[in-house]
Chemist: 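My questions all concern the structure below.
Here is how names work: the chains are called A, B, and so on, in the same order as the sequence lines, proteins then strands, and each is numbered from 1.
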Amino acid sequence: MKQVDENKLAKSKKRKQSLAFFMFGFIGFVIVGILLTVLSFIVFKGVSVISWDFITKMPEEGMTRGGIYPAIIGTLCLVGGSMIFAFPIGVMAAIYMNEYVRDGIIKKIIKQMTNNLSGIPSIVFGLFGMALFVNKLGFGDSILAGSLTLGLLALPVVIRTTEEALKGVDDTFRHASLGLGATKWQTTRRVVLPIAFPNIITGLILSVGRVSGETAPILFTVAAYFLPKLPTSIFDQAMALPYHLYVISTSGTNIEESRPIAYGTALVLIIIVLLTNILANFLRKYFGKKVKMN
Amino acid sequence: MLKLESKQVNFYYGSSPALKDINLEMESNTVTALIGPSGCGKSTYLRLFNRMNDLIDNTKLTGEVLIDGIDIYKKGINVDTLRKMTGMVFQKPNPFPKSIFENVAYGLRVNGITDKQFIEERVETTIKQVVLWDEVKDKLKKSAFELSGGQQQRLCIARALAIQPSVILMDEPTSALDPISTSKVEELIHELKSKYTIVIVTHNMQQAARVSDHTAFFYLGELVEVGTTKKIFTNPTQEKTQNYITGRFG
């Protein structure tokens with residue numbers, strides 16, 4: 001064996017180790033730094049606008065004054081509507097894929113399709129939603145059409161996170177249940193789903209965060225440029241935060257004047273996403289404790 | 001009385017054979033230990049009797065597997081009903097993330113029993129049967145995960161017994177337990193023998209010697225030798241068996 005200078009080797013190993021450590025640490029800090037810059041910029045610019053009136057009043061004077069209440073309500077309606085659509089279908093699809101279909105060509109095709117679905121640009125979903133829901137099915141520009149379009153967008157996320165959650169359930173639980181004469185459905189409903197539930201909920205809420213910020217899919221299906229009243233049915237148009245932000249930043253009556261409101265809107269949007277993430281965490285811990293694993 | 005039987009059983013994972021021409025008979029109210037090195041097919045063989053291997057894609061079985069003289073792989077056999085007749089205990093204690101009570105009641109509930117009093121009585125007698133009652137009677141509503149590993153495994157045995165199977169299949173039931181818990185489970189196996197037919201897969205040869213009436217030695221998918229436990233451990237006819245039980249390989 002070749003003689004190795006132990007001292008030199010140790011030094012070189014140590015140098016490489018500290019270099020690698022520095023590199024990864026540096027990159028980590030850069031990322032956190034970028035995030036903090038963006039956040040603090042929005043907070044700094046937007047916080048002065050935020051008040052009780054801002055989130056509970058209608059827009060006034062060509063959207064240069066007043067609040068963004070209808071946009072908040074519109075966004076909440078759209079998010080809720082899209083989840084009512086995407087959650088059951090997504091969860092059922094994931095259960096089918098993970099619990100029922102055997103490995104093979106069919107499963108591969110479905111999997112590939114869902115993956116492709118999540119790669120489609122959201123503006124294409126918007127166009128599709130307009131063609132199908134707005135025109136063909138005759139829903140018009142409406143919360144229903146917008147929710148369905150957003151739901152389609154959320155579907156692959158819901159399917160994938162639910163599938164991951166189901167995969168995380170140890171097979172021995174399934175075998176124990178089946179071994180007692182339970183059917184596959186009893187096993188899924190009584191054993192697998194309760195165990196996977198905390199992670200399914202997390203996936204769901206993360207997709208809520210995703211959907212609430214989308215602009216393109218609602219552009220041609222629901223979003224109103226200016227509509228200073230609340231929707232009264234699912235066939236009404238509605239304002240929505242991301243689109244409102246777009247409108248007052250690019251095509252408002254007085255873009256300079258409404259700039260502060262744009263930052264305020266952005267801040268509210270970020271807060272909503274942040275809150276859903278916190279809620280996701282809380283729910284996962286809460287249900288995780290109920291279904292305590294060892 | 002003849003309880004379990006396999007006739008010329010061959011089993012394949014894909015195209016690779018896992019069991020080769022296995023002929024074996026097991027009497028009622030006996031304990032049969034399946035021993036052999038890892039990958040010899042003993043767990044696969046065990047899982048034939050409650051058709052657990054059906055869950056694995058791409059497998060093939062030839063020959064006959066019989067319980068009470070009935071071929072359980074024949075057309076028209078309801079797998080759920082079959083699995084009710086065979087309780088299974090797994091390598092690692094795997095109680096459901098439910099209360100102690102609900103773990104034992106689970107098998108009853110999925111088989112359509114709703115009578116509350118009946119369920120309560122059955123849960124109590126079953127937990128008593130596995131000698132766990134005194135330890136858990138005050139915390140039946142608590143999560144099964146609060147129990148120790150040994151207690152959990154006895155709870156899993158109770159879970160399997162609650163639906164009153166006639167066969168108990170045990171797949172290395174003590175491999176994750178400490179010696180004291182192990183001896184409790186072994187005692188239990190002795191007790192249960194009077195009512196059930198037990199098949200136990202084990203890596204632990206002393207355990208096979210302690211708990212079983214018959215021992216079957218598997219090697220590379222073949223049944224090398226089967227006989228009374230006493231004979232296998234004192235006077236085996238095959239050299240491979242001799243080598244394995246004396247620890248020369250495996």
Side-chain angles (χ1 to χ4, degrees), chain A residues 95-111 162-202 283-294, chain B residues 46-47 49-59 78-99 102-113 142-149 152 155-156 159-165 167-169 171 176:
Chain A
I95 290 174
Y96 178 68
M97 297 249 293
N98 203 59
E99 307 293 322
Y100 284 86
V101 191
R102 298 205 154 201
D103 280 335
I105 187 82
I106 297 177
K107 190 167 178 176
K108 248 186 211 148
I109 291 174
I110 302 179
K111 221 174 197 144
T162 306
E163 244 200 300
E164 287 305 316
L166 294 174
K167 263 189 212 147
V169 178
D170 204 301
D171 263 345
T172 147
F173 290 118
R174 292 185 180 87
H175 294 170
S177 171
L178 294 169
L180 292 164
T183 60
K184 209 158 220 184
W185 169 238
Q186 286 174 322
T187 302
T188 304
R189 188 171 68 83
R190 292 172 183 248
V191 176
V192 178
L193 279 180
I195 299 174
F197 193 63
N199 288 329
I200 294 179
I201 282 291
T202 311
L283 284 177
R284 188 179 51 209
K285 286 209 178 111
Y286 175 75
F287 287 112
K289 220 174 263 167
K290 275 180 90 174
V291 193
K292 207 174 146 209
M293 313 293 300
N294 57 347
Chain B
L46 183 80
R47 283 157 189 263
F49 289 101
N50 59 353
R51 293 187 55 168
M52 264 319 176
N53 292 330
D54 290 17
L55 301 173
I56 306 163
D57 293 337
N58 230 337
T59 58
N78 183 322
V79 181
D80 304 331
T81 321
L82 163 76
R83 287 185 182 144
K84 249 184 355 191
M85 293 164 52
T86 53
M88 186 153 200
V89 181
F90 298 81
Q91 207 167 7
K92 242 183 78 190
N94 61 347
F96 299 131
K98 299 173 184 289
S99 70
E102 283 304 322
N103 260 283
V104 183
Y106 182 84
L108 302 171
R109 293 198 198 281
V110 295
N111 285 299
I113 294 169
K142 291 256 173 76
S143 164
F145 291 143
E146 289 183 21
L147 301 174
S148 72
Q152 283 184 16
L155 185 72
C156 290
R159 179 176 68 186
L161 295 181
I163 49 171
Q164 301 197 323
V167 179
I168 305 174
L169 307 170
D171 194 354

Chemist: Tell me which of these, Lys98(B), Arg51(B), Met85(B), Lys92(B), has more heavy-atom pairs under 4.5 Å with chain A than the rest.
Modeler: Lys98(B)
Chemist: Which value, rounded to the nearest 0.5 Å, describes the distance between Ile163(B) atom CD1 and Arg83(B) atom CZ?
Modeler: 11.5 Å
Chemist: Would you sort out whether Asp170(A) and Asn94(B) count as a side chain to side chain contact (heavy atoms under 4.5 Å, CB included), showing the intermediate values?
Modeler: CA-CA 9 Å; Asp170(A) 204 301; Asn94(B) 61 347; over 6 Å; no
Chemist: Take the angle between the ring planes of Phe173(A) and Phe96(B) and call it parallel below 30°, perpendicular above 60°, tilted in between.
Modeler: tilted
Chemist: Taking side chain as everything from C-beta outward and backbone as N, CA, C, O, which of these in Pro95(B) sits under 4.5 Å from a heavy atom of chain A? Side chain, backbone, both or neither.
Modeler: backbone
Chemist: Side chain, backbone, both or neither: which part of Ile56(B) has a non-hydrogen atom closer than 4.5 Å to chain A?
Modeler: backbone
Chemist: Hey, which of Asn111(B), Asn50(B), Leu169(B) has the most heavy atom pairs under 4.5 Å with chain A?
Modeler: Asn111(B)
Chemist: Kindly indicate whether the side chain of Val169(A), heavy atoms from C-beta on, has any atom under 4.5 Å from the side chain of Leu193(A).
Modeler: no
Chemist: Report the residue from Val191(A), Val192(A), Thr172(A) that forms a side chain to side chain contact (heavy atoms under 4.5 Å, CB included) with Ser177(A).
Modeler: Val191(A)
Chemist: Quick one: what part of Arg174(A) sits under 4.5 Å from any heavy atom of chain B, side chain, backbone, both or neither?
Modeler: neither
